[in-house]
Amino acid sequence: MTRVRGLGCVGARPLNRLTAMAKFTSDFLNILDQRGFIHQGSDFGGLDALAGAGQAIGYIGFDCTAPSFHVGNMIVLMMLHWLQQTGNKPIVLMGGGTTRVGDPSGKDETRKILPVEQIEANKASMQKACAKLMQFGSRRTDAIMLDNVEWLTKLNYIEMLRDIGRHFSVNRMLTLDSVKSRLERDQEMSFIEFNYQVLQAYDFVVLARTQGCNLQMGASDQWGNIITGIDLGRRMGTHQLYALTTPLLTTTSGAKMGKSVSGAVWLNEDMLSAYDFWQYWRNVEDADVGRFLKLFTTLPMDEIARLSALEGAEVNEAKKVLANAVTAMLHGHDQAEAAARTAQQTFEEGTLAQGLPTVEIAQAQLTAGLGVLTAFVTAGLAKSNGEARRQIAGGGLRVNDQVVSDETAKLTLTDVREGVIKLSLGRKRHVLLKPSR
């Protein structure tokens with residue numbers, strides 16, 4: 001068993017990284033190991049026995065900072081998926097309470113404090129993706145969704161200090177990466193952020209007491225907060241608690257997972273079309289295909305091995321399988337097939353695919369003449385007129401497959417083809433402008 005340097009012990013149980021020679025008996029840890037999910041964990045032997053007996057009850061917490069999960073969140077959502085698929089129980093904890101504080105992990109400045117109404121709206125919207133990846137209900141292994149606002153907002157400050165705060169060492173709190181890294185860079189950390197780890201640890205205790213929860217999972221940047229929860233549970237008399245983290249994911253080139261040239265890759269279709277979602281996966285780097293097939297699909301490992309062995313132009317077929325599988329999981333098979341068909345018509349057959357993302361504009365705008373800069377901003381292919389100008393200077397914008405060279409040009413009804421005007425940014429991003437009366 002390999003010890004995680006500098007983390008010591010929680011209670012009497014050593015915290016360890018998974019070793020290359022480790023062998024698991026539970027389907028849950030075997031699947032996560034084979035697919036590359038495991039970064040760190042506490043007492044793998046104890047967790048392996050629980051999961052093998054179908055007694056692992058694991059949770060992941062999500063603060064409600066946006067109206068949708070993004071691809072970067074999907075890796076931990078897949079951990080909950082596999083927990084359920086192997087006969088154990090997942091808990092999705094929405095951070096209606098902790099979002100009011102703000103997690104300092106990975107940040108150089110205080111997160112924006114959102115209004116309560118916005119937090120609630122975000123929470124309702126985020127729930128859509130969870131239902132695609134887990135089965136919710138009342139059976140033993142059905143997922144449940146809770147919100148820590150239910151208990152955190154009921155805490156009396158004096159009682160919290162007396163009953164919970166007394167178990168925390170400020171010396172140890174200062175050693176957590178989320179705190180230490182800010183202090184080392186002379187970045188201010190507010191008192192409210194400093195207390196975030198207390199609230200997250202208390203969440204683990206509450207779930208242990210009320211739901212029998214025994215496992216918290218998350219990305220590797222949450223390791224310190226999770227083991228703090230294990231320690232608090234030990235001090236407050238819960239059953240044994242466990243930790244499991246997954247690596248923070250980047251692409252082979254070092255880019256942060258879940259980011260594209262146009263921004264975050266959202267899971268909700270009202271924030272990113274199924275076609276653009278499909279395109280994100282179709283355009284991943286060649287070296288990432290095998291890894292992403294393991295992490296983001298449920299395809300059998302032997303099929304993934306076959307696809308990962310493809311080389312040269314054949315890698316594109318593996319990318320299409322990846323795009324189809326992930327899109328079908330989040331948006332349904334019909335949407336995945338439609339996106340694949342649209343991409344084939346656009347890139348392989350050279351025809352105008354009506355399935356491309358479409359933005360409606362008033363026909364009167366074309367009658368009067370719509371500035372080409374405004375058109376690309378309206379279509380979401382440029383964030384500003386200035387950006388559109390820079391793209392034109394570099395030859396990056398096209399109208400109906402013709403390069404735009406004049407930034408003062410105007411689009412009119414004569415540019416409409418088959419009821420739409422096709423706008424393109426580079427070779428891979430296309431939007432149809434559709435005039436309406």
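Positions are given from 1 along the sequence.
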Quick one: side-chain hydrogen bond (donor to acceptor under 3.5 Å, both in side chains) partners of [X], sequence neighbours excluded?
X: Asp288; result: Thr252, Arg291
X: Asp48; result: Thr25, Ser26
X: Ser273; result: Asp276
X: Tyr202; result: none

Report task. Would you sort out whether Gln216 and Gln200 count as a side chain to side chain donor-acceptor pair (under 3.5 Å), showing the intermediate values? Result -> CA-CA 10 Å; Gln216 184 179 172; Gln200 183 171 334; 2.9 Å; yes
Requested in this report: Could you walk me through whether Leu267 and His331 pass the side chain to side chain contact (heavy atoms under 4.5 Å, CB included) test, one step at a time?
Outcome: CA-CA 9 Å; Leu267 303 192; His331 300 296; over 6 Å; no
Please confirm whether the backbone N or O of [Y] pairs with a side-chain atom of [X], one donor and one acceptor, at under 3.5 Å?
X: Arg234; Y: Ile230; result: no
X: Arg140; Y: Gly54; result: yes
X: Lys89; Y: Gln55; result: no
X: Arg398; Y: Val404; result: no
X: Gln40; Y: Thr246; result: no
X: Asn73; Y: His70; result: yes
X: Asn268; Y: Ser125; result: yes

Requested in this report: Walk me through it: do Ile392 and Leu373 pass the test side chain to side chain contact (heavy atoms under 4.5 Å, CB included)?
Outcome: CA-CA 9 Å; Ile392 289 174; Leu373 301 179; 3.7 Å; yes
Judged by modelled atom types alone, do [X] and [Y] share a side-chain donor-acceptor pair under 3.5 Å?
X: Asn122; Y: Gln118; value: yes
X: Ser424; Y: His430; value: yes
X: Trp82; Y: Asp27; value: no

Query raised in the report: Of Asn283, Thr327, Asn324, which is the lone residue that meets side-chain hydrogen bond (donor to acceptor under 3.5 Å, both in side chains) with Trp278?
Result: Asn324
Query raised in the report: Phe296: what forms a ring-ring contact (aromatic ring centres under 6.0 Å, His included) with it, not counting sequence neighbours?
Result: Trp281, Phe292
Query raised in the report: With sequence neighbours excluded, what pairs up with His81 under the ring-ring contact (aromatic ring centres under 6.0 Å, His included) test?
Result: none
When rounded to the nearest 0.5 angstrom, what distance separates [atom1] in [X] from [atom2] in [Y]?
X: Leu146; Y: Ile144; atom1: CG; atom2: CD1; answer: 4.5 Å
X: Ile75; Y: Leu249; atom1: CD1; atom2: CG; answer: 5.0 Å
X: Ile226; Y: Ser42; atom1: CD1; atom2: OG; answer: 9.0 Å
X: Asp63; Y: Thr98; atom1: CG; atom2: OG1; answer: 3.5 Å
X: Met217; Y: Ile38; atom1: CE; atom2: CD1; answer: 10.5 Å
X: Leu330; Y: Leu133; atom1: CG; atom2: CG; answer: 5.5 Å

Tabulate below the donor-acceptor pairs under 3.5 Å that side-chain atoms of residues 203-213 make, not counting sequence neighbours, or state none.
unit_1 : atom_1 : unit_2 : atom_2 : d
Asp203 : OD1    : Trp151 : NE1    : 2.8
Asp203 : OD2    : Asn148 : ND2    : 3.0
Arg209 : NH2    : Met236 : O      : 3.2
Thr210 : OG1    : Val206 : O      : 2.8

Check whether any side-chain heavy atom of [X] lies under 4.5 Å from a side-chain heavy atom of [Y], and answer yes or no.
X: Asn88; Y: Ile57; answer: no
X: Thr238; Y: Asn214; answer: no
X: Leu322; Y: Arg282; answer: no
X: Thr245; Y: Gln222; answer: no
X: Val403; Y: Leu397; answer: no
X: Asp33; Y: Phe24; answer: yes
X: Met126; Y: Pro67; answer: no
X: Cys130; Y: Phe136; answer: yes

If the condition is salt bridge (Lys or Arg N to Asp or Glu O under 4.0 Å), which residues does [X] pass it with, not counting sequence neighbours?
X: Glu120; result: Lys123
X: Lys128; result: Asp270
X: Asp142; result: Arg139
X: Arg390; result: none

Query raised in the report: Taking all atoms of both residues into account, what is the closest heavy-atom pair of Thr99 and Cys64, and its distance?
Result: OG1-N, 2.8 Å
Requested in this report: Give the minimum heavy-atom separation between Gln84 and Met134, together with the two atoms involved.
Outcome: OE1-CA, 3.5 Å
Quick one: side chains of residues 304-313, donor-acceptor pairs under 3.5 Å with protein atoms, not counting sequence neighbours, listed by atom name and distance.
unit_1 : atom_1 : unit_2 : atom_2 : d
Arg306 : NE     : Glu303 : OE1    : 3.2
Arg306 : NH2    : Glu303 : OE2    : 2.9
Ser308 : OG     : Ile304 : O      : 2.7

Query raised in the report: Thr374 and Asn385: side chain to side chain donor-acceptor pair (under 3.5 Å), yes or no, with the steps?
Result: CA-CA 7 Å; Thr374 301; Asn385 286 354; 4.6 Å; no
Query raised in the report: Between Met301 and Gln34, is a side chain to side chain contact (heavy atoms under 4.5 Å, CB included) present by the stated rule, with each step listed?
Result: CA-CA 8 Å; Met301 289 298 292; Gln34 293 167 8; 4.1 Å; yes
Report task. Go through the steps to decide whether Thr86 and Ile31 satisfy the test side chain to side chain contact (heavy atoms under 4.5 Å, CB included), and finish with yes or no. Result -> CA-CA 9 Å; Thr86 54; Ile31 288 173; 3.7 Å; yes
Query raised in the report: Should we count NE2 of His239 as having more than 12 external heavy atoms under 6.0 Å?
Result: yes
Query - Sole candidate of Asp302, Thr297, Thr298 that passes side-chain contact (heavy atoms from CB on, under 4.5 Å) when paired with Pro300 - result: Asp302
